[in-house]
There are 2 protein chains.
Amino acid sequence: VDLARLSFNQYTCKPWSLEQAVAACVKREIPAIAVWRDKIAEAGLPRAVAMVRDAGLRVSSVCRGGFFPSPDAAERARRLDDNRRAIEEAAALGAPSLVLVCGPAEGQPLADARAQVRDGIAALVAEAAAAGVRLAIEPLHPMMISERSVIASLEEANALAEHFPADAVGVIADVYHIFWDAFVEREIARAGSRVSGFHVSDWSTPTGDVTADRAMIGDGCIDLANLHDAVRRAGYGGDVEIEILNARAWNGGDLDAWLDTALQRYAAAGTATTASR
Amino acid sequence: VDLARLSFNQYTCKPWSLEQAVAACVKREIPAIAVWRDKIAEAGLPRAVAMVRDAGLRVSSVCRGGFFPSPDAAERARRLDDNRRAIEEAAALGAPSLVLVCGPAEGQPLADARAQVRDGIAALVAEAAAAGVRLAIEPLHPMMISERSVIASLEEANALAEHFPADAVGVIADVYHIFWDAFVEREIARAGSRVSGFHVSDWSTPTGDVTADRAMIGDGCIDLANLHDAVRRAGYGGDVEIEILNARAWNGGDLDAWLDTALQRYAAAGTATTASR
């Protein structure tokens, strides 16, 4: 476990401002942070840039662009413009990647929505490359297909990314979204240099909000060390984001303790599994 | 839409006994039924056989066998014996297929559980073939991996089935479980003559019980006609099971109206989509 490559995805402690999230990194000597656009907007981009720079933090990614599909062409154009602002924010923050959440279908057939995702990425790819920001397609768990992402597997994300140059369009390997796939190691290897992020949490079946019911590392059934090995074998040497979206932690939980536990569990998961193999 | 190939999966109206489910088929001239083992046990096998025979119904499948993985070898052996009884019941009822739900992992690594599923099927395949019952692997939606099935995609089910003769081991195409897959048509074509059942319902994101929160046909985002075409192109000419597991319908809903609506929606879904293409 390489703590020098650890990143705190700030939605793990969503109620915190960017300022609080940055302070939490500094206090714990976490060297990187993944920032969300609503938090950037809250702080203002120049102040956000100054905060992470002054704290000496890397920004592992900006969350998130995407949301391309709409039956309305004018709405699709507005969303492209919003993605352009997201690319600018990522570039200003020095983030190598802009995470793309690619959906939902908005009442259209899945095939149509998927075509609009591809068109949306195609429209942005030159601008993103010029800005030095990689568009990172994040496949979400298939249970989120109706309200969040029509890209539902790493295989699908790879097939989509392969329409574009590897340095311009990559994929995110988030264990929560992809661990269930019997062929996940094949697809991580296939992604190779396109792997643009590795996000960690754990899985227990959601009982309410499918987005924010992720388990603490070690409390679910994900073989984290195995997936971590797979992304390393694929050549990924970037930051590992702790991203544990959990509404119970957000609503009155002790967020400092939540983050501390995540750090301890992350370190333990790597050690324990290495020992057991 | 071929109503001559329609089957009523009785868990659509789970609170009904087998006797009530058979009567519901006769009343509506539904020519086939899918029966569950708890309902067979309730009626007793000889009486269950007599009921469906006297009503002139085909039995499209028996639900369900499987549940092979366990860290305890003696428990795995007990479950194989239970599967042997399920094969006998399917044979006695004249069902061409026994549906297999292949999980959960019971605390083991997914890879170990998946190996036990393969071993379990291997142990049964000769007996099932001798009884004239095909073992039909049903991949479940990836959100059910933790408590129900480690076989989470049609690609995985196909790869598993291909270890065995096609007439002995098939796969179930249940739209609720597989519709999200961008490569589902490829995998249905690959399954070809192994397609052993086609189950219909609709998808809206579960908000509670992930097993029994299926949407009424037409109330979700599944392109039913497209998937139906895909199984037909694969050569499937067997029964189409209406299987809409929904706890709200079961708990105080009007089950006759639920089934009537499903029949109407099924007929309309085929017609509407054929017209729109």
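Residue numbers begin at 1 in each chain, while the letters A, B, ... track the order of the sequences. The structure displayed is predicted, hence computed values, not measured ones.
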Worksheet item: Under a 4.5 Å heavy-atom cutoff, which of B/Ala152, B/Ala182, B/Ala159, B/Gly107 has the most pairs with chain A?
Response: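 So the answer, after comparing B/Ala152, B/Ala182, B/Ala159, B/Gly107, is B/Ala182.
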Discussion item. Only pairs of heavy atoms separated by less than 4.5 Å count here; which of B/Glu155, B/Gln108, B/Met144, B/His141 has the most with chain A?
Written reply: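 Max contact count across the listed options: B/Glu155.
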Worksheet entry | A/His199 and A/Tyr176 aromatic centres sub-6.0 Å |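 No; A/Tyr176 has its ring centre 6.0 Å or more from that of A/His199.
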Region of [X] in contact with chain A, defined by heavy-atom distances below 4.5 Å:
{"X": "B/Ala105", "result": "neither"}
{"X": "B/Asp209", "result": "neither"}
{"X": "B/Thr207", "result": "backbone"}
{"X": "B/Pro142", "result": "both"}

Worksheet entry | Under 3.5 Å donor-acceptor, B/Asp202 side chain and B/Gly220 backbone |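 Side chain of B/Asp202 to backbone of B/Gly220: a pair is present.
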Fill in: Under 3.5 Å donor-acceptor, B/Thr12 side chain and B/Ile244 backbone
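Answer holds: yes.
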Item to complete: Describe, in one word, how the ring planes of B/Tyr11 and B/Trp36 are oriented to each other, choosing from parallel (under 30°), tilted (30 to 60°) and perpendicular (over 60°).
Response: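 Taking B/Trp36 first and then B/Tyr11, their aromatic rings lie parallel (interplane angle under 30°).
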Worksheet item: Around atom CZ of A/Arg118, are there more than 12 heavy atoms of other residues, nucleotides or ligands at under 6.0 Å?
Response: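 Result for CZ/A/Arg118: open.
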Worksheet item: Above 12 or not: heavy atoms from other molecules or residues under 6.0 Å from CZ of B/Arg233?
Response: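 Yes - once you tally the heavy atoms of other residues, nucleotides and ligands closer than 6.0 Å, there are more than 12.
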Discussion item. Quick check for you: among A/Asp181, A/Ile151, A/Val150, A/Thr205, which has the greatest number of heavy-atom pairs under 4.5 Å with chain B?
Written reply: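 Looking at each of A/Asp181, A/Ile151, A/Val150, A/Thr205 in turn, A/Thr205 comes out on top.
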